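A short write-up of the structure that comes next.
Keep in mind that what you see is a predicted model, and the values were worked out from it rather than measured. Quick note on labels: first sequence line is chain A, next is B, and so on, each numbered from 1.
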Amino acid sequence: MLIRNAPGMVEPLRELRRRARWVLAVIGVAFLILLGRLWQLQVIRGERYHARVLSIVGSEQLIPAIRGKILDRRGRALVDNRPAFNIYADPETVDDASLDLLAQLLTLDDDERERVRARVESIRARKNGLPVQILSDQGRDRAALVQQARQRLSGVEVRDEPYRRYVHGDLAAHALGYMNHPTQAELAKLADNEYEAHEFIGRHGIESQWERYLRGKKGIERFVVDATGTRVESDDDELIDGPRFVPPEPGHNLVLTLDLDLQRAAEQAVRRHAAAAVVVVEVNTGRILTLVSKPSFDPNIMTGHLTHAEDTLLRSDPRQPYLDKTLRQHYPPGSTFKFVTMIAAVDDEVVAADQELECKGWHKRGQRRFHCSGAAHGAVNVIKAIKRSCNVYVWQLAELVTLDRVAEVAVDFGFGAPTGLGLNGELPGRMPTREWYEAQGRTFKIGYTLNASTGQGDVEVTVVQLAMAYAALANGGALYVPQVVERMETATGEVVTEYEPSLRRRVQVKSEVLEVLRQGMWQVVNAEGGTAYAARSEQVVFAGKTGTAQARSGRRRKKDQEQMPPGWHPSRDHAWFAGYAPADNPEIAVVVLIEHAGEHGGAVAGPVAKQVIETWWKLRTDGPTDSTAATVQEGQQ
Amino acid sequence: MTGLRSSMVVGSSRWTRFNARFDWPLFLAISLIVGIGLLNLYSALSGRTHQRLFYRQIVWLSVGLVGYMVMTVIDYRVWQRFAWVVLGAVILMIGLVGIVGSTIKGSNRWLDLGVFNLQPSEIAKIAVILACARLAHETETRELPLVEVLLRVAVLCVPVGLVLLQPDLGSASLILLIILSVGFLMVREPWILAGLVGAGVTLFPLLWDELQGYQRERIVAFLDPEHDPTGIGWHTRQSILAVGSGRITGEGYLDGTQNQFRFLPEQWTDFPFSVWAEEWGFLGCLLLLVLFAFLLLWILNAALHARDRFGAVLCIGVGAMIFWHVVVNIAMVLGLAPVVGVTLPLVSYGGSSVLTVFLGLGLVSSVSARRHGY
């Protein structure tokens, strides 16, 4: 129609008429190309593009769960969460001028500036559009400064978020642990955005061991963002992959077996000592009331506020403040171990309990003379040997029963294997046997037996191990698995799991034998001439055994002493006291180690034990003190 | 007015005579496309701070409509006399823009007239079409020496050069395409055409050197969209996502994700088609393309039935203008052409664009109303 049926076509339009077909062809081809492309994009690839659009527009944010509290056995908070101000930057909108102004406002030093800048840069590369934490726990004043300058700080915001608080500072620091940021390697390993680089992860003690339960489960908020990453309101559910809001599940609260008052008293009791460990355990349950490892650290500083200088200081301290001395360090038990050798002899009836052996003050074996503690003890039976801590008596028994039999009893009491508390990488201790020496390539000598029989040489224990052994000794032979978490509760206080006491085994010893040992241990504290007689208590009768263990490291050098803390040197003896109270019907076992004290166990460790036991006794009869009643209220708020 | 009145021999009343002559199908096609354009503009602007632009567009369209009617009523042959004068005036205006024009986004294209910013490069298209028609008329009525023809062609090309200097690659290419299209359809000797195309090909490398950095970047981005996903290829990628996301039946009016969530920058000027494609799908696109195809064929029809060579060339020029605008704009949206600022006629937001298209179509309407057989 267009071409042929053109009535009165004039001559001048000749060319146009001829070329009109070409015009039609060009228009047709052009529109067909456009339609073909539309078909390709919308029909063939449509679903794929649609899915891509949804994935770009739909965004989600994980909402951190509130971490569970850690409470003492009476429900008083040891670790909880406080409000804190964290500063975030939106990598999309923050600019250098804002960061400079921020640094100026908060008087950041060059290192901090650089760290802030690096954090922003690292997130820019990720391009998920979400603000990133650049400064944490800034304090009310600094947060207010930033708030006030908000107009000039584009892309910077202050958020009020919970921050871990260790209510009593460094109290029970090794048991509770601390938190810090996950490493790059951990972030790579932990899947599903479970941890962000600015979040905290439990690092030591309960915080690390129970991380999974304390942490809770993150919530998810799903929403729609526009091209600039700005959140926009949309009620179109198709754009959102899953429910819009999954609330975070708060972490579980842990109720520990530790007693705040007793823990505090024990830490008070060792305050004059440079390095020490104290363990108090219930003999009939295995529940630990007190775990002291000194020196330690302040978890409030460790958690996000540790400077390089402080870290260096802690690391260079020869007393190793980062090391848990109740679980992660081996010590020779010294005379506290003698009861093992005595059981080996008396229980096998190699000697009778009241059979007397002669102590001349030394014991000759081959070419060597082994010296007893102090002067000659004369005629000595089991009870007197314990009371006076006679080495010669124990050596004579050891020669009669052999090393392997001593080791058998020791292993029965839990030495040489982890107790199962499962905290801070608990060490197993070591109880050598003849076989062990041979495996070491050392020719077995009787001297090894003599050393081991008095808790020296190659015998090594952990403080918790010794406490559990003494608990078994005190309760008539029940060796418990030590327990530090009594139960797990939800944030609202419903019990999730109740952890019952767990019996490891009953030791194979006749109860009369244990009774004799306990008589000896009563005399140590309560009879004149006992090694801990000076530490006896008028409030509560307790019993126990002192120990003075030789440290293995070399001679004392005057030059070193100048670099060492006062009252501490690696060449000095460890002072021990291991016992239980009350003596007639034991309820708790107490082990005190004064590390490298250089003094006798009865002189330094005994008085500490006495103080702890008296506090325990007072708490048992009077209940928590007034000052701690205030803490109870605070903890309940 | 005299031209129209002299040819009004049939009909009793003024309205009946108008009704008989007026090209209703052309007007209907234009109205439908404008309706789609407004509907689409409303969606493109929804939820943004630019909603007042919708009302401004209605004002532009009203002004455009008045212009269309005025152009229809005026006998197009009047413009024969003024064609070169109009072109001269436009060249002066473009020159003026270079001196006092307002710079928007690094490009100096607008002339601030107080009420609105006039974009002379748009009006230049109409002036060039008029001049082309006048040239065709001149070669028809008397034998022009080749030198004079070439001189006139050179003058025709002046606006191309000036617009390119603004720099506005899109408008310059469009004007050049209009000239070439008219030439292709009206020149008697094919060798002249070959010469023109050859000159264009030779000029391209020279042109490339003259292009601004961002213009070259856009062409590079078009050739290799993955080159920089968030930078220069961003427009094209987002536009393709939006179009594809529409699938067959579209995401629904006002529900285009890419549109509503601002992934398409300034979609109301250069990318309205992607909004349409996302919300109405392949079927909606088909409808719009059919309407444009009808409009173009109808303009070609008007050209073929024109009373004289001048009228035919006016129609061909306007048709070429609309054809190239539609093809280049949609190809750009679909990632088939580099991102150049070429609007979609009757759909894009913008006063100069609306006025230019309506004036052009008014010329076609005028030619159509005075075709043979009346």
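Of the possible donor and acceptor atoms, one in the side chain of A/Q42 sits under 3.5 Å from a partner among the backbone N and O of B/F282. A donor-acceptor pair under 3.5 Å is absent between the side-chain atoms of B/R247 and the main chain of A/H50, judged by distance alone.
By the side-chain contact (heavy atoms from CB on, under 4.5 Å) test, B/A293 pairs with A/F31, sequence neighbours left out. Judged as a side-chain contact (heavy atoms from CB on, under 4.5 Å), and not counting sequence neighbours, the contacts of A/Q147 are A/R150, A/V158. Considering only residues two or more places apart in sequence or on other chains, A/H198 meets the ring-ring contact (aromatic ring centres under 6.0 Å, His included) condition with A/Y88.
With respect to chain A, the highest number of heavy-atom pairs below 4.5 Å among B/I240, B/V326, B/V333, B/L296 belongs to B/I240. Heavy-atom pairs under 4.5 Å with chain A were tallied for B/G281, B/G250, B/G246; the largest tally goes to B/G281.
Considering only heavy atoms from C-beta on, A/L38 comes within 4.5 Å of B/L289 through its side chain.
Of the two parts of B/A277, the backbone and the side chain both hold a non-hydrogen atom closer than 4.5 Å to a non-hydrogen atom of chain A. At a 4.5 Å heavy-atom cutoff, the contact between A/W39 and chain B is made by backbone and side-chain atoms alike. Proximity to chain A (any heavy atom under 4.5 Å) is restricted, for B/F273, to the side chain, taken from C-beta onward. Interface remark: A/E47 contributes backbone and side-chain atoms alike to the contact with chain B (heavy atom separation under 4.5 Å).
Proximity to chain A among residues 311-322 of chain B is limited to B/A312, B/I316, judged by heavy-atom separations below 4.5 angstrom.
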